Amino acid sequence: PAESSTNAIDLATASYDGTTRVWDVAKCATSSSKKTKKVLKGSMSGVWCCAYSQDASVLVAGCSKGSICVYNATKGKYDMLARQDSSHGASAVFACSMGRDMLLATGGGDNKIKLWALASSGAPSAPMMKAELLGHSGDVVACTFRPSTSIVASGSEDRH
């Protein structure tokens, strides 16, 4: 799984080796060097998904042991801001998406979508869970926000 920042310069990829890698797309396209810009090692397990905030200031990664890693993506620093248990139990965070007002949606192996708030003033902080969305009977493997709204679409192994 991969996610590009809104300025289309950085691309983040999730990996089962426990890293989230950030690539400078412009540099990779024009250079023979295809090296990563930054390797983020905040996860204690495989990384299943990643998502940038709409303003590209925050990168979030969802991990196979159920944690969420939050990185400050401003100025290309990618400093870890927080690691939070997603409350999806021991199951993986398969999907994550950042909506407006720093609202994060995660989907996991517990068949739920969870909505999280990140502080939008100053530096983002650890996510605080705001709601659980129920209705799936299988692992939630995809979720995304409709642009400029708070509407979430999700996909699950239950095919509903």
Side-chain angles (χ1 to χ4, degrees), residues 1-23 25 36 38-73 78 80-120 124-160:
E3 173 79 5
S4 64
S5 65
T6 55
N7 60 15
I9 294 172
D10 287 352
L11 171 74
T13 58
S15 176
Y16 298 123
D17 69 1
T19 64
T20 304
R21 295 176 184 264
V22 179
W23 308 80
V25 175
T36 56
K38 194 87 164 178
V39 178
L40 310 175
K41 298 179 181 179
S43 173
M44 305 302 263
S45 59
V47 180
W48 289 74
C49 58
C50 53
Y52 279 100
S53 60
Q54 288 185 350
D55 67 0
S57 66
V58 174
L59 175 65
V60 177
C63 308
S64 65
K65 300 276 189 207
S67 64
I68 304 165
C69 295
V70 181
Y71 300 94
N72 177 357
Y78 292 97
M80 180 178 271
L81 298 171
R83 183 178 6 206
Q84 174 78 31
D85 178 358
S86 70
S87 302
H88 282 289
S91 62
V93 177
F94 290 113
C96 56
S97 178
M98 293 286 289
R100 67 178 195 178
D101 301 324
M102 301 296 274
L103 189 63
L104 169 67
T106 61
D110 60 355
N111 310 341
K112 298 175 184 175
I113 298 166
K114 298 194 179 191
L115 299 178
W116 305 81
L118 284 91
S120 57
S125 59
M128 292 181 49
M129 192 171 66
K130 294 296 184 182
E132 289 185 347
L133 307 179
L134 307 175
H136 284 294
S137 59
D139 294 359
V140 177
V141 296
C143 64
T144 190
F145 283 92
R146 182 176 176 183
S148 301
T149 72
S150 58
I151 296 173
V152 177
S154 62
S156 170
E157 290 183 351
D158 64 10
R159 301 182 193 166
H160 297 118

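Source: prediction; values computed, not measured.
Listed for the D139 side chain is no donor-acceptor partner under 3.5 Å among the backbone atoms of V141. For the pair S53 (side chain) and M102 (backbone), a donor-acceptor distance under 3.5 Å is absent. Under a 3.5 Å cut-off, the side chain of S15 and the backbone N or O of D17 do form a donor-acceptor pair.
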Requested in this report: Output, in order, the C-alpha distance, side-chain angles, deciding distance and verdict of side chain to side chain contact (heavy atoms under 4.5 Å, CB included) for Y71 and L40.
Outcome: CA-CA 9 Å; Y71 300 94; L40 310 175; 3.8 Å; yes
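Of the candidates T36, D10, T13, T13 is the only one forming a side chain to side chain donor-acceptor pair (under 3.5 Å) with W23.
Annotation: the span from E132 atom CD to N111 atom CG amounts to 11.5 Å, rounded to 0.5 Å. From M80, atom CE reaches atom NZ of K41 across 12.5 Å, with rounding to the nearest 0.5 Å. Distance check, rounded to the nearest 0.5 Å: CH2 of W48 to NZ of K65 gives 11.0 Å. Between L104 atom CG and L118 atom CG the span is 6.0 Å, to the nearest 0.5 Å.
Put simply, the side chain of D85 does not reach to within 4.5 Å of the side chain of S67, judged on heavy atoms. By the 4.5 Å heavy-atom criterion applied to side chains, V58 and Y52 are not counted as neighbours. The side-chain heavy atoms of V22 and Y78, taken from C-beta on, include a pair separated by under 4.5 Å. At a threshold of 4.5 Å between non-hydrogen side-chain atoms, the residues V70 and P127 count as touching.
Remark: S45 pairs with S64 by the side chain to side chain donor-acceptor pair (under 3.5 Å) rule, at least two apart or across chains. Among residues two or more places apart in sequence or in another chain, the salt bridge (Lys or Arg N to Asp or Glu O under 4.0 Å) test is passed with K38 by none. Among residues two or more places apart in sequence or in another chain, the side chain to side chain donor-acceptor pair (under 3.5 Å) test is passed with T106 by H88, W116.
Scanning all heavy atoms of the two residues, the minimum distance from A12 to T20 falls at CB-CG2, 4.4 Å. For the pair L134 and K112, the tightest heavy-atom approach, listed with the atom from each and the gap, is CD2-CG, 3.6 Å. Here the shortest heavy-atom pairing between C63 and C69 reads SG-SG, 4.1 Å. Nearest heavy-atom pair across S154 and V140 is CB-CG1, 4.4 Å.
Of the N and O atoms on the side chains of D158 and H136, at least one donor lies less than 3.5 Å from an acceptor on the other residue.
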